[in-house]
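Below is one structure, written out as structure tokens, with a few remarks after it.
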Amino acid sequence: MYYLFAFRSRTNAMKFAQSLKKEGIKAEVVATPHVIANGCGLSVRVMNIDVARRVLSYSRYATFTGLYQVRSYNGTLNITKL
């Protein structure tokens, strides 16, 4: 299981990932799955949702569109908006 923070702006997605890395959180910029695709098509993938939420609240990310929980079952992604 992992979490995706979706953005409409590539710049905001990259900035958020950099902010997480500065806090010592492993973050990866990934393509947003087509079922939730909106805007630029980039999301930030993290495992530690609590710290990522806190970092998100530190700055204004006007293009943040949503937080999703992603689970894989037998190769099929189950995506839930939180």
Side-chain angles (χ1 to χ4, degrees):
M1 177 176 59
Y2 59 91
Y3 300 91
L4 291 176
F5 287 76
F7 294 86
R8 286 189 314 265
S9 160
R10 296 175 86 76
T11 302
N12 274 188
M14 301 298 277
K15 180 181 172 188
F16 181 61
Q18 287 176 337
S19 295
L20 290 172
K21 289 176 184 177
K22 285 180 184 175
E23 291 288 324
I25 301 302
K26 183 178 178 185
E28 182 180 4
V29 177
V30 298
T32 302
H34 70 278
V35 296
I36 60 172
N38 51 24
C40 73
L42 289 182
S43 291
V44 178
R45 177 182 171 163
V46 299
M47 302 300 276
N48 187 332
I49 189 174
D50 296 327
V51 174
R53 279 182 165 164
R54 187 182 45 160
V55 170
L56 183 71
S57 72
Y58 289 162
S59 297
R60 292 195 58 131
Y61 293 97
T63 65
F64 172 69
T65 60
L67 170 60
Y68 300 85
Q69 179 183 61
V70 182
R71 295 179 188 216
S72 180
Y73 295 108
N74 298 324
T76 301
L77 293 181
N78 181 350
I79 302 171
T80 305
K81 186 167 185 175
L82 300 179

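The list of side-chain hydrogen bond (donor to acceptor under 3.5 Å, both in side chains) pairs with a residue in residues 73-82, not counting sequence neighbours, is empty. Among residue pairs with one or both ends in residues 18-29, those qualifying as side-chain hydrogen bond (donor to acceptor under 3.5 Å, both in side chains) are Ser19-Tyr61; sequence neighbours excluded.
In this structure, Ala6 and Tyr68 approach most closely via the heavy-atom pair CB-CE1, 4.0 Å. Listed here is the closest heavy atom pair of Val29 and Ala13: CG2-O, 4.3 Å. The shortest non-hydrogen separation linking Ser43 to Thr32 is OG-OG1, 2.6 Å.
In terms of modelled atom types and a separation under 3.5 Å, the side chain of Thr63 and the main chain of Phe7 share no donor-acceptor contact.
Listed by chain and residue number, nothing satisfies the side chain to side chain donor-acceptor pair (under 3.5 Å) test with Asn48 (two or more places apart in sequence, or in another chain).
A 4.5 Å side-chain heavy-atom check between Arg53 and Leu67 finds at least one atom pair inside the cut-off. When side chains are defined from C-beta on, Leu4 counts as touching Val30, because their heavy atoms get closer than 4.5 Å.
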How far apart are the C-alpha atoms of Val44 and Leu20, what are their side-chain angles, what is the distance that settles it, and do they pass the side chain to side chain contact (heavy atoms under 4.5 Å, CB included) test?
CA-CA 10 Å; Val44 178; Leu20 290 172; 3.9 Å; yes
When you look at Val35 and Leu77, which way does the side chain to side chain contact (heavy atoms under 4.5 Å, CB included) test go after all the steps?
CA-CA 10 Å; Val35 296; Leu77 293 181; over 6 Å; no
With side chain to side chain contact (heavy atoms under 4.5 Å, CB included) as the test, would you mind laying out the steps for Leu56 and Phe16 before giving the verdict?
CA-CA 7 Å; Leu56 183 71; Phe16 181 61; 3.8 Å; yes
Given the rule in the side chain to side chain contact (heavy atoms under 4.5 Å, CB included) test, do Met14 and Thr11 qualify, once you have shown the distances and angles that lead to the verdict?
CA-CA 5 Å; Met14 301 298 277; Thr11 302; over 6 Å; no
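Atoms CG and CZ, on Leu42 and Arg10 in that order, are 4.0 Å from each other to the nearest 0.5 Å. Here the CE-OH distance, from Met47 to Tyr3, works out to 8.5 Å after rounding to the nearest 0.5 Å. To the nearest 0.5 Å, atoms CZ (Phe5) and CG (Leu82) are separated by 8.5 Å.
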